[in-house]
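Sequence lines set the chain letters: A, B, ... in the order given, protein chains first and strands last, and positions in each chain run from 1.
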Amino acid sequence: MTTLALPSTATTSLARGWIELLQFLRDRTAMIFTFAFPAMLLLLFGTIFKDSYNNTGVSASQVYSASMIAYGILTTAFVTMGAGVALDREDGTLKRLHGTPITPTAYVMGKLILVLALSVAETATLILVGLLVFDMPSPDAAHWLTFAWLFLLSTFACTACGIAVSSIVKHARTAGAILNVPVVALNFLSGVFIHPITQLPGWLITVASFFPVKWMSQGFRYVFLPDSLKQYEAAGQWELGRTALVLGAWCVIGLVLCLVTFRWTERDR
Amino acid sequence: MDAIEVRGLRKTYRGQEAVRGIDLTVTRGEVFALLGPNGAGKTTTVEILEGHRKRTGGTVTVLGDDPGTAGRTWRARIGVVLQDADDAADLTVTEMVKHVAGLYADPRPVAEVIDLVGLTEKKGSKIRALSGGQRRRVDVALGIVGRPELLFLDEPTTGFDPAARRQFWDLIRALAAEGTTILLTTHYLEEAEALADRLAVLADGRIVAEGTPATLGGRASAGAKVAWRENGTNRVENVADPTDLIKQLVKAEIDLSTLTITRPTLEDIYLNLIGATR
């Protein structure tokens with residue numbers, strides 16, 4: 001019997017990340033839909049709603065440019081992950097891996113590497129559209145720093161929730177439809193599609209506040225819009241501390257749900 | 001120590017008993033075949049042994065560990081050839097074999113494994129573009145790349161053409177010659193007969209017979225059927241030992257140009273065995 005040590009989780013995580021990226025890049029349909037859809041929505045919304053916010057000099061299209069980053073991350077992290085894990089369970093990827101000495105952590109880390117790469121690319125696309133098409137001003141260094149933690153917390157929370165949700169998605173075929181229900185609903189409630197969020201009934205804002213999307217879009221508006229725009233937020237403030245708290249809580253909730261619900265194979269009938 | 005030891009294995013799905021108390025021993029270095037009709041419990045049994053499914057009752061020891069709780073060092077010692085996976089469609093054969101090889105401590109060289117399963121010409125092809133039989137050979141490559149001590153093959157040659165099946169048998173024999181223990185499930189009697197040192201027939205969640213291909217179900221002691229043509233009529237006699245009968249026929253100077261002596265084939269025995277449980 002060999003006494004060689006098995007490859008470390010770090011090594012196999014990177015190997016999984018590479019394989020995930022390779023497969024994603026070769027699936028043209030998934031790639032085009034994932035990337036083009038949020039950018040297309042941004043171009044549509046930005047073109048249709050041109051009026052500027054009263055006496056602030058900020059146009060609706062600039063507000064959309066900032067808010068839509070939340071939708072982009074939701075798509076690349078939550079939807080890609082939920083559908084991806086469901087597909088891996090269905091096509092035998094997980095069963096195959098479970099027959100090898102890989103750790104579950106390495107599998108999840110591989111997915112996380114894929115999601116991070118996709119989210120960076122998606123977010124960059126949306127920011128570029130905002131900067132080039134809608135003249136969104138580029139923020140200063142301090143704001144970029146906020147952007148960095150906001151981006152990481154958002155991506156991680158959405159990924160963890162996506163993996164957790166994949167265990168209740170029975171068939172990969174229907175995953176896209178099922179996962180998009182909460183995504184679209186939350187986008188309407190969370191100030192992404194409809195802003196100012198204060199147009200919504202108070203109880204709907206309260207409902208939205210329990211979920212991460214409201215805080216994500218609010219945070220990205222803080223990063224990319226002038227300070228005067230805070231008057232249009234639900235609290236009239238940017239509430240960065242609370243944003244970090246809620247997103248951090250969702251990271252923990254998502255991680256726990258992940259650990260509790262993740263299974264290599266389909267549920268034992 | 002035995003490679004696989006199963007005592008009183010049971011598995012219930014929503015009150016339906018799929019496996020009803022199986023005892024099974026597979027010794028090291030042996031090729032063991034599990035035969036049985038669809039729904040007999042073959043795949044359920046194998047998946048429990050692989051650690052892919054939880055059992056309802058009984059004890060199971062595979063390579064000295066309980067598959068239900070064994071860790072990754074145990075997984076590194078088994079090889080699983082999946083029955084119906086269609087993953088990694090966008091990767092090439094080499095990419096996928098290399099990736100899975102990277103999960104083990106001391107894998108076989110990638111090119112060697114691809115050559116062993118006869119896919120060298122297809123190594124740069126996307127797995128999506130392979131035929132069904134080629135796809136299964138990728139599964140075998142991925143199952144053996146980690147140099148397993150014990151290999152599980154669940155209906156490995158379903159959908160193979162006869163030439164591919166023969167080629168596959170040679171591969172299994174080569175692995176067995178290296179000392180790999182192999183547990184094989186199959187529908188094909190000639191496959192079990194060609195490969196297995198020992199076999200068991202599973203029907204309706206129970207083992208109804210166990211033995212070598214030559215002795216299964218009393219095949220060795222089953223009588224011989226002696227048939228010949230005498231004075232324009234067909235004669236058939238079932239005897240335990242045809243020697244005396246043949247002597248008599250020779251003494252009586254009967255024309256023996258039409259004489260046949262047949263013993264039950266493995267298929268006759270098998271059909272008889274699974275028929276008995278219906």
Visitor: Would one find more than 12 heavy atoms of other residues, nucleotides or ligands at under 6.0 Å from atom CZ of B:Arg72?
Guide: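 Counting neighbours around CZ of B:Arg72, more than 12 heavy atoms of other residues, nucleotides or ligands fall under 6.0 Å, so yes.
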
Visitor: Going from CG on B:Asp87 to CZ on A:Arg89, what distance comes out if it is rounded to the nearest 0.5 angstrom?
Guide: 14.5 Å

Visitor: Mind checking what makes side-chain contact (heavy atoms from CB on, under 4.5 Å) contact with A:Val256, not counting sequence neighbours?
Guide: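 If we apply the side-chain contact (heavy atoms from CB on, under 4.5 Å) test to A:Val256, skipping adjacent residues, the hits are A:Val252, A:Val260.
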
Visitor: Taking atom CZ as the centre, does A:Phe37 end up with more than 12 heavy-atom neighbours from other residues, nucleotides or ligands that are less than 6.0 angstrom away?
Guide: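 No, CZ of A:Phe37 has 12 or fewer neighbouring heavy atoms, counting only those of other groups under 6.0 Å.
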
Visitor: Does atom CH2 (A:Trp18) have a neighbourhood of more than 12 heavy atoms from anything else shown, all under 6.0 Å?
Guide: no

Visitor: Compare every heavy atom of A:Gly92 with every heavy atom of B:Ala85, then report the nearest pair and how far apart it is.
Guide: CB-CA, 4.3 Å

Visitor: Please assess B:Asp139 against A:Arg96 for the test side-chain contact (heavy atoms from CB on, under 4.5 Å), listing each intermediate value before the final yes or no.
Guide: CA-CA 9 Å; B:Asp139 289 331; A:Arg96 160 134 24 242; 2.8 Å; yes

Visitor: Please say whether more than 12 non-hydrogen atoms of neighbouring residues, nucleotides or ligands are located less than 6.0 Å from CD in B:Glu178.
Guide: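 Yes, the 6.0 Å shell around CD holds more than 12 heavy atoms from other groups.
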
Visitor: Side chain to side chain contact (heavy atoms under 4.5 Å, CB included) with B:Leu103: which of A:Leu97, A:Thr103, A:Leu6, A:Thr11?
Guide: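 Of the listed residues A:Leu97, A:Thr103, A:Leu6, A:Thr11, the side chain to side chain contact (heavy atoms under 4.5 Å, CB included) partner of B:Leu103 is A:Leu97.
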
Visitor: Look at B:Ile78, B:Leu91, B:Val80 and state which one has the largest set of heavy-atom pairs under 4.5 Å with chain A.
Guide: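 The candidate making the most pairs under 4.5 Å is B:Leu91.
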
Visitor: Counting only heavy atoms not in B:Lys42, do more than 12 fall under 6.0 Å of its NZ?
Guide: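 Atom NZ in B:Lys42 is crowded, with more than 12 foreign heavy atoms closer than 6.0 Å.
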
Visitor: Output yes when a side-chain donor or acceptor of B:Arg75 lies under 3.5 Å from a complementary backbone atom of A:His98, and no otherwise.
Guide: yes

Visitor: Counting heavy atoms not belonging to B:His187, are there more than 12 under 6.0 Å from its NE2?
Guide: yes

Visitor: Identify whether the distance between the nearest side-chain nitrogen and carboxylate oxygen of A:Lys95 and B:Glu47 falls below 4.0 Å.
Guide: yes

Visitor: Which bit of B:Lys98 is near chain A, if near means a heavy-atom gap under 4.5 Å: side chain, backbone, both or neither?
Guide: neither

Visitor: Stepwise, does the side-chain contact (heavy atoms from CB on, under 4.5 Å) test hold for B:Arg128 with A:Arg26?
Guide: CA-CA 12 Å; B:Arg128 183 190 295 290; A:Arg26 287 188 185 159; over 6 Å; no

Visitor: Quick check for you: among B:Val145, B:Leu142, B:Val100, which has the greatest number of heavy-atom pairs under 4.5 Å with chain A?
Guide: B:Leu142

